[in-house]
Amino acid sequence: MQPPSRTQLQEAFKLALSMVLMYWLALAMDWDLPKYGALAIAVISLDTAGASISKGLLRIVGTTVGLLTALVGVALFAQDRWLMLGYLCANLLVVAYFIPVSRHGYAWFVAGFMPGVVWSSTYQAVDNAFHFAVFRYLETTAGVVIYSLISVILWPRTAGAALSTKGAELWAGERELFSRHIEMIRSGAPASDLAQMRGKLAAARAAFGATLGQARTDTYAVRSRRHLWRQMAGQASATADAIELWSESIPDAMRLDLSQFEPALSRALERVDRRFERISSLWAHTLNDTTAPMADDVELLRTADFRVATEAARPLDHYQRAALLGFCRELETVDRCSRDLLVCVQALTGIEKRVDTQPVAKRDGETRSPLWDPMRFRAALLPPLSLVLAFLFWIRFDPPTGPSAANFAAIIGLLLVLMPLRAQMLLPRFVLVVLLVVAPIYFLLMPLFENGVELLTLIFIYFFLFSLVGKRLPLIKLLGVTLFAVLIPISNDQSYHFAQIADSTFMLIIGIGVPAIIQPFFSPGRPELAMLREMRVIFQSASEIIGAYSGPQPAKARRHHRVWLFKTRTQPAVSRLASIASRLGKSAPPGATRECLSRLVQAIQSLSLRLRALEGASTAYLTSAGAANAPTHLTRDLAAYVRGVLDQCAKLESTERFDEQNGLERLAVAMKEELDELAASTEAGPATDQMFTALYALLGCARGVTHAATECRDAMSEIHWNTWTESRF
C-alpha cells in the first residue's frame, strides 16, 4: 500500500481543522446544534475549492428555501399531523419531480428534506420551530464559511489545473474518434472499438463540463471571461453532437464510392482533423497569460461546400442518393461546428479579439425538458411513499425514535432520486459504520476525556484519518464523517447515554429499510427484465414518434408531440438501459457475452440518434420549397413500414431477423415512379435543388431508423436471456 501523498495529507488536514474550528466555535458560543455545521463541512469537502464553494452555496440556498417552507407548514398544519403529513408529501413530490432535470439538484435535495427535519425535531414543541430554524441556518452557514475559507487560504486547489488536464484529454479523444471515422470511410470496414471509445469520450465530456463549472468559481482566468468559456462549451457540445449524428450516416455511405461524388472529401476531413490538432495545441494557453503561438489558420477557418454533382448522382437509386446526401449534410454540420469551436478557442488564447460564430442551435429533440413527464413523476413517488409508510409505522408501534425515523426515510428516498443508489446496499454499510466505528468511540473513548482540548484533539484525529481513508474508500469516508457529525452530540453539557446510539441505529434501520422495501417496486429486481422493459419502452415510443409525422393535427402540434415523446420516454429509457447493461456486463455469463451487450447498447443509441436526425431532416424538408407536394408513398407507406418494424421489435417475442432489404426494395419500386414524376414536373432551380436535397435527406433518415431498429432486433436475438436465470438459480 502506497503512503498518502502530500496533497492527500493537506486535504485531510483541512477537513480536520475545519471540523475542530466548527466545534470550537459552537462550544465557545454555546450553540445548540453544532452537528449541522459539521454535517455541512462533511458534505462540501470536495477536491477543489470551486467545487466546495459551489456545493456550499447550493446547501445554503436549499436550506433557506427549505426552512421557509417548513415554517409555513408548521404555522398552518402543526395541530393536525395528517394535514402535516400531506403537506410534507406534497413538498417531497414536487422536489423529487424536479431534481433529475435541474442543474442544481443538490439545492432541491436540501430544500426537500428540510421541512421534515424541522417537523420531526420540534414535534409537540412547535414553539421551538423558529428557534430551531434560526440555529440550523446559522450553523449550516458557519460550516460552509469555515470550510470555504480554509480551502481558499490553506494550500488552495483550484479547478483550473484539472480543467487544463481534462480539456487536453477531451480534445485528444475527440480527434482520435474523428480519425477512427476517417479510417472507416477509407477502409470501408467498421471499427470494432468504436462503442468503447464513445463511452470513454462521453465520460470525458461530462467530467470536463463539471470541472468547467467549478472553475467559474475559483479560477480567475475562467471567471473573468465567463461568456467566452460558456460559448466555447456550447460549441464543443454542438461539435460532439454533430460528430455523433454524422457517424450514423457513415455505414450507409461506405457502400458508395464517395471519392467520385465529392473530390474534396479527403481534404475536408483532413481539415477537420487538423482543427482538433490545433485546438489541442492552443489549449495550454487558455488558462495562463502567455500568448499562443501564431499560425496560418486561414485554411483551417474555411468551410467546405459539399455539393454532389447531378450527373455523378444520376446512376444512383433513391436510397443510395439519400444516403449520399445525408452523409454530406451531416458532414457540413461537423465542418461548420468544428470551425466555430476553433474560433472560440482562439478567442480564449487572445489570437482572435472578436468571436465570429453562428449561434449554437439546439437540434430538434434537444429542447428543454417538458413540464409533464410521467416517468419522472413515477420515480418522484418514492420519497413521499417512504415517508407515509414510515409515518404509519411510527403511529402504529411508537418506536423510541419518534418521528425522526419517518423523516429519515424521506431523506433516503430523496437521495435515491438524486443518485443511482440501491437502498439494500446502503443499510448494512450504515449499520456497520455505526457499530464498528461510531459506537466504540462514543462509549469507550469520549468518556475518558475531561476537557474540551482533549475532545477537540479526538475530533481532529478522527476526521484526519477518515479523510485519508476516503481516498481509497469514498463511501466509507462519507459515512464515517457524516454519521459522527449527526449521531454524536457535542456540547458544553457533555453526557453519554446508551439510548443515544441505540435509538439512532434503530432510526437508520427503519429509515433505510422502508425505502429498501419500496424501491424494488419502481424497478424490477432482475436487471435483464429491466433491460427488456426499457427496450420495449424505446421501441413503443419510437413507433409513436414515427406515427406522429402524419395525422389530422397541425404540423406544430405533431412536432411538439414528437419532441415530448423523445424527451420523456425514448431518451430517459436509453440512458437507463445503458446503465443496466453496464451492471450486467460485469457479471455476464458465458452465454451472454459483454460484446453482445455492447452491440445492443450501441444499436439502441444509434436508434436514438437516428430519430433525432429524422426530426431535423423533417423540419428542413417542411421549410423547403415545394414541401406541400410531398410524395404519398414517402409520407404514408414508408412511415407505415418503419412503424411496423418498430412495433414488431416492441413485442420482444420472435428472434427471426427482419427481411429489411426486400421490404425496402418493394417500397423503392413503389416510390420510384412518384419521385420521377415529381422531378419531371418541377422546374429546375436553386429552390428545387434545396427541396430535393431535403427530400432525400428525409428519405435517408427514415431508412436509417429502420436499419437501426433491425440492428437492435438482431443484437437482441444473439443474447441468451435465459442464461441469467439459470446462473442465478
Side-chain angles (χ1 to χ4, degrees), residues 100 195 198-199 373-379 381-382 416 420-425 518-547 565-611 642-658 660 705-729:
R198 283 177 171 175
D373 185 347
M375 296 296 293
R376 211 164 78 228
F377 179 80
R378 180 176 177 272
L381 291 173
L382 177 60
L416 298 178
L421 300 173
R422 294 177 59 190
Q424 298 88 341
M425 303 299 295
I518 299 176
Q519 191 179 27
F521 292 96
F522 288 83
S523 60
R526 293 168 55 182
E528 67 274 13
L529 293 182
M531 276 196 69
L532 292 172
R533 185 194 67 181
E534 300 300 345
M535 283 188 289
R536 185 177 288 109
V537 170
I538 292 169
F539 292 134
Q540 290 174 346
S541 61
S543 176
E544 292 184 36
I545 289 172
I546 298 299
L565 285 170
F566 184 82
K567 293 294 294 184
T568 61
R569 297 182 61 187
T570 307
Q571 204 170 40
V574 171
S575 299
R576 292 193 297 267
L577 184 139
S579 177
I580 297 169
S582 177
R583 295 199 303 267
L584 272 177
K586 298 177 182 178
S587 58
T593 61
R594 299 183 182 182
E595 289 75 13
C596 293
L597 285 172
S598 177
R599 183 188 172 194
L600 176 59
V601 172
Q602 185 175 0
I604 290 291
Q605 292 173 340
S606 175
L607 176 62
S608 175
L609 291 171
R610 301 268 190 169
L611 288 171
V642 175
R643 192 171 188 183
V645 172
L646 293 168
D647 288 338
Q648 189 173 354
C649 288
K651 295 178 181 178
L652 303 179
E653 294 175 353
S654 173
T655 58
E656 297 178 359
R657 291 176 180 265
F658 295 119
E660 177 195 4
V705 172
T706 306
H707 179 71
T710 305
E711 289 293 322
C712 294
R713 196 63 186 89
D714 292 346
M716 284 191 296
S717 66
E718 295 179 359
I719 298 177
H720 303 286
W721 300 94
N722 293 332
T723 310
W724 270 294
T725 304
E726 295 171 359
S727 63
R728 185 178 290 106
F729 299 103

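In this structure, R569 and Q540 have side chains that are in contact, with non-hydrogen atoms separated by less than 4.5 Å.
The two residues L607 and A708 have their closest heavy-atom pair at CA-CB, 3.7 Å. Residue L565 comes nearest to S541 through the heavy atom pair CD1-O, 4.5 Å, listed as atom of the first residue, atom of the second, then distance.
The distance from atom CD1 of I604 to atom CE of M716, rounded to the nearest 0.5 Å, is 6.5 Å. The CG atom of L577 sits 11.0 Å away from the OG atom of S608 when rounded to the nearest 0.5 Å. Taking OG of S543 as the start and CD of Q648 as the end, the distance is 11.5 Å to the nearest 0.5 Å. Once rounded to the nearest 0.5 Å, the distance linking CG of L416 with CZ of R422 reads 11.0 Å. With values rounded to the nearest 0.5 angstrom, S575 atom OG is found 10.0 Å from E534 atom CD.
Proximity of a side-chain donor or acceptor of T710 to a complementary backbone N or O of T706 within less than 3.5 Å is detected.
Residue L611 is tested with I546, I538, V574 for a side-chain contact (heavy atoms from CB on, under 4.5 Å); the sole match is I546. Residue R643 is tested with V645, D647, L646 for a side-chain contact (heavy atoms from CB on, under 4.5 Å); the sole match is D647.
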| field | Test log, rule side-chain contact (heavy atoms from CB on, under 4.5 Å), inputs Q424 and Q519 | value | CA-CA 9 Å; Q424 298 88 341; Q519 191 179 27; 3.5 Å; yes
